[in-house]
Amino acid sequence: MLRAGRPGIGAVGTAAALVMVAGGTTACGSGEGAGDPGFQHCATDPVTCNSGERADGGEVTWGIDGSWTGWNPNLSAEYTVYTLQITAPYWPWVGQFDQEGDFVLNDGVFAKEPTLLSEHPMQVEYTLNPDATWGDGTGIGIDDFVYNWYARSGSEARCQGCTPAAASAAGVESVEAGAAADKIVVTYGPGYSSSEWKYEPVLSNPAHIAEEQGFDWEHDPAAMAAAEAYFSATVPTWSTGPFKVDDAATGEYAVYTPNDEWAGSTEVTLDKLTVKSFDSVDSIITELRQGTIDGASPNGISAENVATLATAQEIAFDIAPGPGWGHIDLNTQNEFLQDPALRTAVFQAIDLEELISRTYANVQSDAARKLNHLFRNDSAQFTDHLTATGQGAGDMELARSTLEQAGYTWDGDGRLHDPDGERVAFNYRYADGSDDRQTMADLVAFNLGDIGIELELKPFAVADLGPTISSSDFDMVNYGWTSAPVFVSRADQYWASDSASNYGRNADPELDAMLAALASEVDPDKAVEQANAIVARVIEDAYVLPTVDTPVAIMTAEDLVNVRDNWASQQRALYNVAEWGIRAD
């Protein structure tokens with residue numbers, strides 16, 4: 001729903017469950033006087049709003065505002081929001097969080113929630129749904145758990161040359177059969193413990209298909225890596241979810257039909273689901289108004305988009321806080337940005353208030369800076385670590401003072417030179433196709449120009465987000481993370497020196513030690529304290545500058561039922577796709 005007057009903006013993490021998004025401004029605002037009957041209760045009843053009886057049959061076409069380069073979100077380069085959405089109808093999740101932050105089990109794969117058998121060593125028991133299969137008559141079993149362990153181990157001895165989005169299984173010591181045929185026990189190594197054990201991803205790609213393709217993945221780490229590459233390049237013929245892929249073109253579309261072997265408790269009523277990639281939200285809204293697609297939950301929306309939606313009576317829409325946060329990262333391996341003093345000054349020179357006023361404030365008058373990397377500003381766990389440092393303040397005097405103390409100088413034309421006399425210049429990368437991202441780039445270039453830094457603006461295609469970030473092909477970059485309502489594994493994946501997702505390549509032994517302590521802490525209150533101390537250390541290292549928590553939008557044809565947004569899931573509205581249907585009345 002759209003509030004009268006100026007729209008507002010809201011806040012925009014599961015184990016190793018971070019995905020990258022292009023970033024950029026989005027509009028927000030939902031509430032009285034506008035919007036539609038389907039979403040009008042989502043602010044007060046987010047879990048069940050837009051519920052209703054479904055008619056038998058029907059076809060739905062869903063739009064996403066980006067593309068994907070492969071089918072294997074195990075891989076760092078493919079762990080994007082778009083890959084997670086395109087794989088949502090068939091991927092074997094343990095479960096996910098609902099809109100109120102409660103964990104909901106995937107009963108199509110598991111019979112009950114994981115059970116902690118032991119803390120020392122940590123042992124977790126999983127109970128499979130006895131009817132769960134890979135959609136081809138093959139049941140899910142222990143080999144599939146082992147395959148996922150190897151794929152996510154981060155170990156060259158298990159998956160040679162693999163770059164998992166997070167080495168979430170690095171602590172696993174063994175995977176064994178449990179006391180009954182439907183039980184699997186995962187045992188972690190000595191000293192490993194975590195308060196987030198229940199949410200660890202333990203399944204991904206099917207081991208039996210890897211074997212059928214000739215990959216001796218269990219005994220040959222190179223073959224294991226080749227199997228992961230195969231799953232990346234190959235449109236899946238398997239499914240553990242409510243739908244299976246019937247036809248697809250990588251990066252363009254996927255057509256799904258019901259999976260006859262779906263073992264979940266929710267009955268599927270749709271005959272067909274099509275998910276299509278679009279290059280802009282404008283295109284999605286146009287197609288939605290023309291009736292050629294039925295809905296979308298894009299990661300960004302402009303003030304102009306909101307105005308269009310507000311006048312489109314045939315479109316139901318809602319704009320509310322989402323799962324992502326924007327940030328500007330520095331590559332600590334750049335010849336100049338290796339110096340933390342320069343990194344600090346760069347962040348001190350960036351005026352985030354101006355950036356927000358020129359972009360986010362166009363859709364929310366009171367949009368505020370994000371002041372903590374892990375916790376939202378309105379969270380009880382939040383502590384402001386940024387303000388006192390001047391980072392993001394646009395304080396040119398402070399930035400110049402930081403540089404002068406570190407031995408930097410300026411020539412007669414005001415150009416900055418490092419202590420060795422080299423002129424300071426580097427690039428700034430961002431996803432093309434958004435006026436707001438372009439405005440941010442221009443403002444950052446202007447800010448850094450004020451302290452004598454020449455900044456080359458180098459946009460990339462949205463579809464190249466994963467490859468660009470995973471290869472650290474940037475000096476500065478603007479993008480976003482999305483994740484679920486947990487923080488321990490997020491912190492490690494963001495910032496651990498050996499994390500494949502530490503795209504700024506910062507290596508800080510003290511930070512690594514703090515992350516290791518957080519990962520082994522079982523007391524939730526102590527974990528929050530440690531997490532805030534980690535945020536303070538990251539700020540001291542000056543290589544990630546949060547911008548703002550970003551809101552998201554959902555828009556649908558009015559005849560869709562049980563379709564709603566979910567900020568706590570990377571899959572967004574597709575989190576409950578088994579429940580989707582055409583309104584019976």
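Predicted model, so just to flag it, every value in this text is computed and none were measured. Count residues from 1 along the sequence.
Taken from NZ in K244 to OG1 in T257, the straight-line distance is 5.0 Å, to the nearest 0.5 Å. Of the inter-residue distances, the one linking W68 atom CH2 with T83 atom OG1 reads 8.5 Å to the nearest 0.5 angstrom. Rounded to the nearest 0.5 Å, atoms CD (E100) and CG (N566) are 10.5 Å apart. Between the CD1 atom of I554 and the SG atom of C42 there is a distance of 7.5 Å, given to the nearest 0.5 Å.
S232 and W71 share no side-chain donor-acceptor pair at under 3.5 Å. E78 and T69 are not linked by any side-chain donor-acceptor pair at a separation below 3.5 angstrom, with hydrogens and angles left out of the test. Residues S283 and T286 have side chains that never bring a donor and an acceptor to within less than 3.5 angstrom of each other.
A donor-acceptor pair under 3.5 Å links the side-chain atoms of D384 to the main chain of T387, judged by distance alone.
The shortest distance between side-chain heavy atoms of N50 and R583 falls below 4.5 Å.
Aromatic rings of Y90 and F243 (six-membered ring for Trp) have centroids beyond the 6.0 Å cut-off, not under it. Close placement of the Y199 and F97 rings is indicated, their centers lying within 6.0 Å of each other. Aromatic ring centres of W481 and Y79: separated by at least 6.0 Å. Aromatic ring centroids of Y430 and Y479 lie 6.0 Å or more apart.
Qualifying side-chain contact (heavy atoms from CB on, under 4.5 Å) partners for D492, counting only residues two or more places apart in sequence or in other chains: A496, L515. Legend: residues meeting side-chain contact (heavy atoms from CB on, under 4.5 Å) with D107, ordered by chain and number and at least two apart, are S265.
Using a cutoff of 4.0 Å between basic side-chain nitrogens and carboxylate oxygens, K276 and E252 are not scored as salt-bridged.
The cationic atom of R376 (NZ for Lys, CZ for Arg) lies less than 6.0 Å from the six-membered ring centre of W567 and within 45° of the ring axis.
In this pair, W580 and W62 present their aromatic rings tilted. The plane angle is within the 30 to 60° band.
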